[in-house]
Each structure stands twice: as C-alpha cells, then as structure tokens.
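Computed over heavy atoms, backbone and side chain alike; hydrogens, waters and symmetry mates excluded.
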Amino acid sequence: VQLQASGGGLVQAGGSLRLSCAALGITLSRYGMGWFRQAPGKEREFVAAISSSGGTTAYAGSVKGRFTISRDNAKNTVDLEVISLKPEDTGVYYCAADAEGIGPRGFLQYEYWGQGTQVTVSS
C-alpha cells in the first residue's frame with residue numbers, strides 16, 4: 001500500500017496550490033481520507049477530511065473557507081485545493097487513509113500515510 005502526496009511548493013502569501021494524493025495498492029473509495037500538516041517544531045495537526053462517499057467533509061477552523069478537499073474515486077485520488085495561503089500554512093502536508101470510511105480528525109485513527117509534500121508560504 002502506498003499513498004503519494006504531491007503538488008507542494010514555494011508560494012507567496014495569498015497564492016494557491018492544489019495538493020493531490022494518489023494511491024497504489026488500495027481502493028480509496030473504501031476509505032475516509034484526511035490531510036494533515038506538520039510545521040517544524042510543532043505537532044502534526046488535522047487540516048481536512050472527507051468520508052469514503054465524499055458526502056461528508058470536515059475542516060480545521062484555521063483553513064475553513066480557504067481549503068477544499070475533494071475526491072475522485074474513479075481516479076483513486078484525493079485532492080486538497082488551498083487558496084489565500086498564509087505563512088502559517090507552511091509545513092509538510094500528509095494524506096492519510098481511514099479504513100472505517102469516516103475521515104476522523106484524530107491522526108491515530110488512520111491506517112495508511114503518504115510521505116508528505118512540502119508547502120512553504122513566504123510573506
């Protein structure tokens with residue numbers, strides 16, 4: 001099983017990115033999916049999640065209205081569109097898969113993790 005996160009980069013504040021998570025070895029349509037991020041010296045934090053059907057989404061308060069999580073089960077991918085980026089959004093962004101299909105906020109509830117993609121927002 002492998003999750004591959006991509007799409008990160010260096011952007012100026014106010015910019016946008018589209019992060020993508022592709023899966024090998026599992027069918028993502030059975031899994032709730034989450035995005036987490038970790039800044040240097042800080043704990044990993046929840047960013048967004050989506051249920052296996054795509055019918056339910058959840059966001060951290062700090063990103064609500066700026067980030068949008070979506071999934072394409074036919075392509076076996078989950079995306080995170082991020083706009084109006086702020087320097088505090090800087091960090092390594094990880095995608096994760098939840099076998100329960102829910103997409104919870106707690107990172108311990110996820111079974112599979114991608115390797116992360118770096119997002120750096122300059123002021």
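- Cluster annotation: Val63 is connected to Ile50 through the hydrophobic network of ILVMFWY side chains, with a link wherever side-chain heavy atoms come within less than 4.5 Å.
- For the side-chain contact (heavy atoms from CB on, under 4.5 Å) with Leu17, the lone residue among Val11, Thr117, Leu80 that qualifies is Val11.
- In plain terms, the two heavy atoms of Gly55 and Ser51 that are nearest each other are N-OG, 3.3 Å.
- Taking all atoms of both residues into account, the shortest heavy-atom contact from Gly65 to Ile83 is O-CD1, 4.5 Å.
- Within the 4.5 Å cutoff, the side chain of Tyr31 has heavy atoms near those of the Tyr112 side chain.
- Counting only heavy atoms from C-beta outward, the side chains of Glu100 and Gln109 never approach each other to under 4.5 Å.
- Between Glu111 and Val1 there is no side-chain heavy-atom pair separated by less than 4.5 Å.
- Across all non-hydrogen atoms, the minimal contact from Ala58 to Phe46 is O-CZ, 3.7 Å.
- Closest of all the heavy-atom pairs between Arg37 and Glu45 is NE-OE2, 2.6 Å.
- Here the CZ atom belonging to Arg18 is positioned 8.5 Å from the OG1 atom belonging to Thr68, to the nearest 0.5 angstrom.
- Under a 3.5 Å cut-off, the side chain of Gln115 and the backbone N or O of Ala5 do form a donor-acceptor pair.
- Rounding to the nearest 0.5 angstrom, the gap separating the CH2 atom in Trp35 from the SG atom in Cys95 is 4.5 Å.
- A distance of 10.0 Å separates CD1 of Ile102 from OG1 of Thr56, quoted to the nearest 0.5 Å.
- Classification of the Phe36-Trp113 ring pair by plane angle, with boundaries at 30° and 60°, yields tilted.
- A donor-acceptor contact shorter than 3.5 Å is absent between the side chain of Arg105 and the backbone of Ala49.
- With Asn73 contributing its side chain and Thr27 its backbone, the two residues share no donor-acceptor pair below 3.5 Å.
- One finds the CG atom of Leu19 at 8.0 Å from the CZ atom of Phe67 (value rounded to the nearest 0.5 Å).
- Of all heavy-atom pairs between Ser20 and Thr77, the closest is OG-CB, 4.4 Å.
- When atom types are taken as modelled, the side chain of Arg71 and the backbone of Leu28 share a donor-acceptor pair closer than 3.5 angstrom.
- There is a side-chain donor-acceptor pair under 3.5 Å between Gln118 and Thr120.
- In this structure, Leu3 and Cys21 approach most closely via the heavy-atom pair CB-SG, 4.1 Å.
- Linking ILVMFWY residues whenever their side-chain heavy atoms come closer than 4.5 Å, directly or via other members, leaves Val78 and Phe107 in distinct clusters.
- The shortest side-chain heavy-atom distance between Val82 and Val119 does not fall under the 4.5 Å cut-off.
- Contact of the Arg30 side chain with the Ser52 side chain is not registered, since no non-hydrogen atoms from C-beta on lie closer than 4.5 Å.
- At a threshold of 4.5 Å between non-hydrogen side-chain atoms, the residues Asp98 and Met33 do not count as touching.
- Formation of a donor-acceptor pair under 3.5 Å by the Ser123 side chain with backbone atoms of Pro87 is not found in this model.
- Judged by distance alone, with hydrogens and angles left aside, the side-chain atoms of Tyr59 form a donor-acceptor pair with the main-chain N or O of Ile69 at under 3.5 Å.
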